[in-house]
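Let me begin by presenting the structure, written as structure tokens, before commenting on it.
Each chain gets a letter, A, B and so on, in the order its sequence line appears, and its residues count up from 1. Everything quoted here is computed from the prediction, not taken from an experiment.
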Protein chains: 4
Amino acid sequence: MTARILGVALQLFADRGYHGTSIPMILEAAGVSASSLYRLYPSKEALVNAVFLDAKGRLGAAIAAAEDPPGGGDPGVAAEGHARFARIWDALARFAAEEPAAFRFLELQDHAPYLDGASRTKELTVLAPLALACMDLKRRGVLRADVEVDVMLASAWGALVGLVKAARLGYLTLDHDKLADAREAMWRAFAADAPATAQGPNTSGAGRRGRKR
Amino acid sequence: MTARILGVALQLFADRGYHGTSIPMILEAAGVSASSLYRLYPSKEALVNAVFLDAKGRLGAAIAAAEDPPGGGDPGVAAEGHARFARIWDALARFAAEEPAAFRFLELQDHAPYLDGASRTKELTVLAPLALACMDLKRRGVLRADVEVDVMLASAWGALVGLVKAARLGYLTLDHDKLADAREAMWRAFAADAPATAQGPNTSGAGRRGRKR
Amino acid sequence: MTARILGVALQLFADRGYHGTSIPMILEAAGVSASSLYRLYPSKEALVNAVFLDAKGRLGAAIAAAEDPPGGGDPGVAAEGHARFARIWDALARFAAEEPAAFRFLELQDHAPYLDGASRTKELTVLAPLALACMDLKRRGVLRADVEVDVMLASAWGALVGLVKAARLGYLTLDHDKLADAREAMWRAFAADAPATAQGPNTSGAGRRGRKR
Amino acid sequence: MTARILGVALQLFADRGYHGTSIPMILEAAGVSASSLYRLYPSKEALVNAVFLDAKGRLGAAIAAAEDPPGGGDPGVAAEGHARFARIWDALARFAAEEPAAFRFLELQDHAPYLDGASRTKELTVLAPLALACMDLKRRGVLRADVEVDVMLASAWGALVGLVKAARLGYLTLDHDKLADAREAMWRAFAADAPATAQGPNTSGAGRRGRKR
DNA sequence: CATGAATGAGGTTTCATTCAT
DNA sequence: CATGAATGAAACCTCATTCAT
């Protein structure tokens with residue numbers, strides 16, 4: 001039951017925002033009664049924080065999985081450079097595609113007014129691996145020395161969010177190719193030795209269906 | 001009076017979202033009575049659309065000014081390449097810095113449910129010059145041929161939004177240098193002949209106050 | 001200007017009732033500004049009383065004209081009996097047909113809460129001639145002795161109102177014939193010597209276009 | 001609780017009209033909270049329609065009971081002619097006396113703007129038996145052939161409404177005798193063989209307490 | 001005189017939440 | 001434990017009315 005509640009609440013919060021979503025809406029969509037919900041979550045704020053933790057947790061898992069590929073081996077060494085960046089980017093892109101509501105909800109502007117301490121902590125916990133990976137790559141000279149890590153993170157993450165948002169608004173249709181193009185562009189933007197004009201290595205495999213232009 | 005109302009409404013909508021902002025909040029902040037507001041805007045939706053048009057209009061003006069610099073000259077020819085891109089980026093960054101509420105409000109996820117036709121038209125009107133400039137630069141071989149224009153636009157715009165949002169959330173402090181770094185990174189990402197490892201030309205003038213690291 | 005205001009107010013009050021009609025509605029329909037209206041009528045109640053007096057006055061005039069036919073002569077003597085009754089009935093029916101809004105407004109249930117003294121006096125002033133005529137006819141043996149005058153008045157007046165209302169609701173279409181039929185029926189109901197089965201004299205002139213059945 | 005709400009709503013709507021009755025008035029009179037009312041009736045319009053259906057249903061029951069008297073027997077045959085008419089009239093008069101608010105509410109001018117389909121259907125359902133009885137009596141030669149059924153119905157019903165309204169406004173005091181007088185008058189008005197001058201049969205039983213005049 | 005701008009009170013309705021059952 | 005019924009506060013909006021211009 002909590003799963004269904006969290007699911008419909010996530011969907012509604014993502015679609016209409018926190019203030020735009022009423023408890024009755026959630027009750028109806030989840031098919032539960034007010035009291036049932038209030039026994040699980042003592043307030044609307046508690047619910048939205050639970051939704052946040054849940055969604056952020058899944059995002060964190062996706063990131064962790066990208067950093068620690070199931071194939072195992074020695075991630076710290078093998079995952080260096082472009083391949084490691086691509087794995088993270090692709091993981092985030094996949095998360096955005098597979099859990100659109102979660103992605104969208106987490107990117108809503110300013111959860112701040114209603115997020116509690118646990119949620120804010122989670123935010124940092126999920127972000128940390130990305131920051132660490134970035135700092136690590138920079139220290140090793142893989143990423144440019146003349147750009148701050150936080151600028152790289154914010155820009156690349158923002159670019160992905162921008163692509164997803166543009167797709168949602170109908171300004172473009174996101175497919176695998178475009179996401180890979182954007183990934184390589186971000187690599188060029190921040191890699192220390194990325195080739196300038198030629199297209200960078202495309203690890204997404206699966207022969208592309210013909211270059212445009 | 002309409003100026004004050006639009007101002008406080010923009011601020012509140014940016015801070016708390018459309019649904020999170022109540023009419024009484026606006027009334028108190030603007031120091032007007034309900035009826036006065038309702039004579040100017042027949043509904044909350046009409047008000048938010050007016051706010052949107054107003055803010056988007058100022059953004060559009062900033063973009064237009066960047067494309068057609070007041071100094072005059074021969075923009076069509078002189079503004080090619082990196083300098084033209086930099087002028088646009090800087091204009092957007094300046095807008096974000098000088099009108100933080102407007103920038104934030106316009107980037108709120110999904111105005112869609114309450115925006116009317118005029119607002120949607122305005123959205124496209126403002127976006128169009130950017131898309132045209134981008135297509136133009138690409139046609140001339142200044143921007144990469146192997147990346148779609150809409151991907152470039154969405155990525156670069158998203159990167160700027162991501163930077164501003166990260167700054168607002170305290171993940172970084174945006175200054176002129178960082179914005180310039182990000183601008184050059186985006187140039188590397190999408191320019192046809194951007195140098196790979198060396199730092200690109202920094203047109204922001206005024207010697208930088210010391211490189212980090 | 002007062003004429004236009006009274007006209008649209010009458011129409012709106014008749015259509016939507018006193019409480020269902022707002023001052024802004026009247027202002028828009030009349031094309032005047034609030035202050036203009038408030039200069040003429042110091043309140044909504046004052047306006048509705050003015051409308052009432054105006055409409056009731058025209059009804060009173062119609063009744064008076066029926067009692068004192070323009071052709072002159074000696075109404076007191078010549079208008080005895082059936083012809084006098086028919087003249088009054090026809091006058092009322094004509095008023096209902098020619099001034100539907102006024103007729104309807106005056107028949108609204110319970111003006112009481114907002115009518116002032118002048119309006120209540122007018123009500124009686126207009127009613128009086130009908131009551132006097134009725135009493136006169138009864139005293140002369142033209143109307144039945146065994147039915148109270150007030151019962152006759154209320155029944156016949158109610159019958160006419162019922163016919164007009166039924167027509168408005170689409171339950172019947174009122175034409176000259178049906179109004180004449182009803183008039184004769186009311187005559188049979190209350191006349192001392194009305195024939196039982198045969199149709200009474202039809203003073204409405206203008207050969208009827210074929211009897212039904 | 002719905003009974004109390006319907007009761008006070010009926011009373012208030014009858015007294016002050018739909019637009020003149022505010023939800024808070026109803027809440028206070030019924031002693032319930034807004035939300036309680038809105039859980040039962042999703043809007044003021046829904047409430048007024050429920051009130052209408054309820055009141056009209058009771059009127060319909062009164063009519064049906066008059067047509068199909070509880071004493072049983074053979075109504076189809078025995079109830080012919082004057083007695084049948086009298087039973088219906090008396091039933092309506094009793095309804096008006098016993099449920100003044102319902103009678104008055106149902107006779108308010110033009111519910112039309114807020115009545116929904118169910119209410120309009122009910123209106124016809126309740127009216128139908130009267131129309132059928134009237135047509136039946138006319139076909140059998142009991143009612144006059146030269147007057148349309150709809151005119152008879154509208155006139156007689158209007159006469160009753162007129163009497164009740166006159167009584168409410170203080171123009172007369174309705175008692176059993178006067179209602180019987182009016183009933184016989186309507187019989188004379190529309191019966192095929194009603195005596196002209198003599199008083200018709202008075203089936204209301206119970207010797208009258210002295211003729212007036 | 002005529003007006004547009006302004007207002008406080010009150011309209012209908014919904015919200016987040018609680019509680020008897 | 002689970003629920004429908006109930007609630008006070010507050011939401012958006014309109015009203016009858018006034019007043020500086």
Item to check | F/dA11 pairs with, by Watson-Crick or G-U criteria that keep both distances under 3.5 Å | outcome: E/dT12
Item to check | Atom-pair distance (CG on B/Leu27; P on F/dC12), nearest Å | outcome: 9 Å
Checklist entry - CD1 of D/Ile23 versus P of E/dA9: gap in Å, rounded? => result 22 Å
Item to check | Backbone N/O of B/Thr121 and side chain of B/Thr125: donor-acceptor pair under 3.5 Å | outcome: yes
Checklist entry - In the strands shown, is F/dA16 matched to any nucleotide by a Watson-Crick or G-U wobble pair with both distances under 3.5 Å, and which? => result E/dT7
Next on the checklist: Let's see if you can work this out: which of E/dT13, F/dC12, E/dA6 has an atom nearest to the side-chain heavy atoms of B/Arg39?
Outcome noted: E/dA6
Item to check | Which residue lies more 5' along DNA chain F, comparing A/Ser33 with B/Pro24 via nearest heavy atoms | outcome: A/Ser33
Next on the checklist: As a test of reading the structure: which of F/dC15, F/dA2, F/dT18 is closest to the side chain of A/Ser36, going by heavy atoms?
Outcome noted: F/dA2
Checklist entry - When the distance from CG of B/Leu40 to C1' of E/dT7 is rounded to whole Å, what number comes out? => result 14 Å
Checklist entry - What's the CE-C1' distance between C/Met1 and E/dC1, to the nearest Å? => result 9 Å
Next on the checklist: For a quick check of understanding: with a heavy-atom distance under 4.0 Å over all strands, which category does A/Ser22 fall into, base, sugar-phosphate or nothing?
Outcome noted: sugar-phosphate
Checklist entry - Quick one: is F/dT14 close enough that its OP1 or OP2 comes under 4.0 Å of any side-chain N or O from B/Tyr38? => result no
Next on the checklist: Quick check on DNA chain E: between C/Val32 and D/Lys44, whose nearest nucleotide comes earlier from the 5' end?
Outcome noted: C/Val32
Item to check | Whichever of D/Leu37 and C/Ser43 has its nearest DNA chain F nucleotide further upstream toward 5' | outcome: D/Leu37
Checklist entry - Rounding to a whole Å, what distance do you find between D/Ile26:CD1 and E/dG10:C1'? => result 15 Å
Item to check | For atom CD of A/Glu45 and atom P of E/dA16, their distance in whole Å | outcome: 12 Å
Checklist entry - How is C/Thr21 classified with respect to the nucleic acid when contacts are heavy atoms under 4.0 Å: base, sugar-phosphate, or nothing? => result sugar-phosphate
Checklist entry - Got a donor-acceptor contact below 3.5 angstrom from the C/Lys44 side chain to the C/Tyr18 backbone? => result yes
Item to check | Pair B/Leu10-B/Phe52, side-chain contact (heavy atoms from CB on, under 4.5 Å): steps then yes or no | outcome: CA-CA 8 Å; B/Leu10 172 63; B/Phe52 185 91; over 6 Å; no
Checklist entry - Does any N or O in the side chain of D/Ser36 come within less than 3.5 Å of the main-chain N or O of D/Val32, such that one atom is a donor and the other an acceptor? => result no
Next on the checklist: What is the separation between atom NE2 on A/His19 and atom P on F/dA10, rounded to the nearest whole Å?
Outcome noted: 15 Å
Checklist entry - Want to settle it: does C/Ser35 or B/Ala34 sit nearer the 5' end of DNA chain E, counting the closest nucleotide to each? => result C/Ser35
Next on the checklist: Quick one, B/Ile26 with B/Leu37, criterion side-chain contact (heavy atoms from CB on, under 4.5 Å). Give me CA distance, side-chain angles, the key distance, then yes/no.
Outcome noted: CA-CA 9 Å; B/Ile26 298 172; B/Leu37 186 151; 4.0 Å; yes
Next on the checklist: Please name the nucleotide paired to E/dC1 by Watson-Crick or G-U wobble geometry with both distances under 3.5 Å, or report none.
Outcome noted: none
Checklist entry - Please give, in whole Å, the distance from F/dA16 P to C/Tyr41 OH? => result 17 Å
